[in-house]
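Before any comments, here is the structure.
All values reported here derive from a predicted model rather than from experimental measurement. Order of the sequence lines fixes the chain letters, A, B, ..., with proteins taken first and strands second; residue numbering starts at 1 for each chain.
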Number of protein chains: 2
Amino acid sequence: MDPRGELKPARRRGLASEVADRLREAIYAGVYAPGAPLREVELSAALEVSRGPVREALLVLEREGLVQSRWHRGTTVTRLTAADAAELHSLRGALEELAVSRVAGAGEARLSPIAEVVTRMADTSDAHAMVGLDIAFHDALYAAAGHRRLEQAWQGIRCQVHLFLLTRLDAADDDYTRHVSEEHQELLTALRTADTKTATALFDRHREHAYTLLSTTP
Amino acid sequence: MDPRGELKPARRRGLASEVADRLREAIYAGVYAPGAPLREVELSAALEVSRGPVREALLVLEREGLVQSRWHRGTTVTRLTAADAAELHSLRGALEELAVSRVAGAGEARLSPIAEVVTRMADTSDAHAMVGLDIAFHDALYAAAGHRRLEQAWQGIRCQVHLFLLTRLDAADDDYTRHVSEEHQELLTALRTADTKTATALFDRHREHAYTLLSTTP
DNA sequence: CTATGTCTTGATGTTAACATTCGGACATCG
DNA sequence: CGATGTCCGAATGTTAACATCAAGACATAG
């Protein structure tokens with residue numbers, strides 16, 4: 001009669017989060033290409049919602065770095081330059097080092113959500129879905145760190161990383177798609193067995209690999 | 001006839017940012033204590049603005065971690081626990097290491113904004129103002145790093161750090177107020193002369209000092 | 001006396017109309 | 001012909017009214 005901890009508090013979300021989700025997916029799907037304008041009236045008409053929730057959703061996406069808005073000049077989908085990629089890479093390095101140091105050697109109870117993502121990676125061939133799982137893996141890592149603010153900092157760049165991966169992988173580079181699965185498998189075993197030092201080194205190499213691969217290609 | 005770089009692009013801000021600034025100051029001033037509710041109608045009446053901009057401002061403050069809102073349950077000023085302080089401390093360590101590594105040894109042109117803050121510290125005795133300058137010093141550091149996303153990540157915790165300092169220093173601990181000025185002076189000289197390693201070590205000690213001082217006191 | 005159900009109240013969430021602003025097209029003047 | 005000035009349209013910013021929701025007071029049944 002006292003299921004403490006078994007039930008998460010029930011949250012009800014408003015229209016704004018709903019709209020934000022739809023827009024995020026649309027941007028990932030390429031409906032709105034980088035640089036394309038996101039007009040409030042258009043979106044509110046398409047989503048059958050008033051402009052209020054749309055504005056709130058755009059604020060959320062701006063915080064996530066997916067769009068950029070200027071005063072009275074509308075919002076457009078972020079265009080990621082090489083300099084942006086470098087910023088994402090270096091900041092992610094700092095964040096992930098902290099995350100790995102807190103997760104490495106943790107009990108299986110905390111690692112199992114990460115393991116589950118790796119499992120799902122095994123039977124996935126679609127590049128688009130694979131990128132989603134790649135991000136999901138790191139989401140699970142940050143979640144396992146048990147550090148709310150670290151997680152929020154990651155959420156501040158995670159969508160940009162996602163978008164960057166998608167745009168650089170568009171119908172190309174199946175070199176990535178083939179190796180990601182096993183590479184993350186290695187990362188997981190490093191988290192399970194190795195100490196912090198070797199684990200962070202492996203994560204470093206992982207990011208470096210992806211970064212150089214995707215930054216030099218186009 | 002071509003003053004490139006001398007003039008920054010003129011930005012015009014809306015009511016929402018104005019409201020956000022006022023609310024931030026009000027929270028710092030203690031008008032709204034931690035845990036106190038921030039009612040939209042109240043605020044819009046007091047600020048003579050409609051609820052739209054107020055809602056936007058509250059979203060901004062929520063992103064900064066100063067307030068927390070739940071669906072249909074209103075927003076309250078964040079109450080910082082010991083665990084929160086630990087989170088702020090560790091995340092700040094990760095961010096500031098990256099920032100210092102990018103700023104250490106930089107030219108005087110980039111360091112001068114930081115130096116100016118240190119100068120202003122010298123002739124300041126008011127504790128409230130000193131805390132503001134403390135934060136301003138680190139703002140300048142992150143700005144000098146020339147890393148937009150790093151700066152944004154800092155902005156995600158900077159207001160909480162500010163609030164934490166203020167609430168723990170309330171009419172006490174002039175041990176802090178006396179030493180901050182010279183301590184930051186040392187940090188600046190470290191940025192100027194020393195290499196990355198010693199500079200980061202000094203910044204580490206600086207944060208550690210403040211953290212242990214303020215976490216054990218109350 | 002406890003537990004359930006209803007109601008009221010005071011807030012937030014949503015909407016649609018109004019006001020303001022930016023950028024470009026057009027006309028005008030040197 | 002080039003530069004300046006004016007106007008217009010289309011978008012965003014703001015407002016106030018409407019709809020919805022959650023928490024507590026109260027009444028009621030067991």
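- Between the side chains of Arg12(B) and His72(A), no donor-acceptor pair of N or O atoms lies under 3.5 Å.
- Around the CZ atom of Arg11(A), the shell of radius 6.0 Å holds no more than 12 heavy atoms that belong to other residues, nucleotides or ligands.
- Side-chain N/O atoms of Arg73(B) include none lying less than 4.0 angstrom from OP1 or OP2 on dC21(D).
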Practice problem: Apply side chain to side chain contact (heavy atoms under 4.5 Å, CB included) to the pair Asp134(B) and Val161(B), showing each step before the final yes or no. | Solution: CA-CA 10 Å; Asp134(B) 189 342; Val161(B) 175; over 6 Å; no
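- Think of the region where chain B sits on DNA chain C: with heavy atoms and a 4.0 Å cut, that region ends 5' and 3' at dA11(C) to dC22(C).
- Here the CE-CG distance, from Met121(A) to Leu188(A), works out to 10.5 Å after rounding to the nearest 0.5 Å.
- Residue His184(A) forms a ring pair (Phe, Tyr, Trp, His ring centres under 6.0 Å) with just one option from Tyr176(A), Phe203(A), Phe137(A), and that option is Phe137(A).
- At a cut-off of 3.5 Å, with distance as the only test, a side-chain donor of Gln160(B) or Arg149(A) sits close to an acceptor on the other residue.
- Across the protein-nucleic acid pair, Arg39(A) atom CZ and dA10(D) atom P stand 11 Å apart, rounded to whole Å.
- Remark: Arg120(B) CZ is packed, more than 12 non-hydrogen atoms of other residues, nucleotides or ligands lying under 6.0 Å away.
- The pair Glu108(A)-Arg192(A) counts as a salt bridge, with a side-chain nitrogen and a carboxylate oxygen less than 4.0 angstrom apart.
- Under 3.5 Å, the side chains of His162(B) and Arg24(B) contain no donor-acceptor pair of N or O atoms.
- The separation between Leu15(B) atom CG and dT12(D) atom P is 18 Å, rounded to whole Å.
- Scanning residues 50-59 of chain A for heavy-atom distances under 4.0 Å to DNA chain D yields Arg51(A), Arg55(A).
- Rounded to 10 degrees, the angle separating the terminal axes of the helix from dC1(C)-dG30(D) to dG30(C)-dC1(D) is 10°, with each axis obtained from five end pairs.
- In terms of position on DNA chain C, the residue among His72(A) and Arg70(B) whose nearest nucleotide sits closer to the 5' end is Arg70(B).
- Leu141(A) approaches Val103(A) most closely through the heavy-atom pair O-CG2, 3.7 Å.
- Distance alone, capped at 3.5 Å, is enough to place a donor-acceptor pair between the Thr78(B) side chain and the Gly65(B) backbone.
- Nucleotide dA11(D) holds its P atom 21 Å from the CZ atom of Arg12(B), rounded to whole Å.
- Atom CH2 of Trp71(A) and atom P of dA11(D) are 18 Å apart (whole Å).
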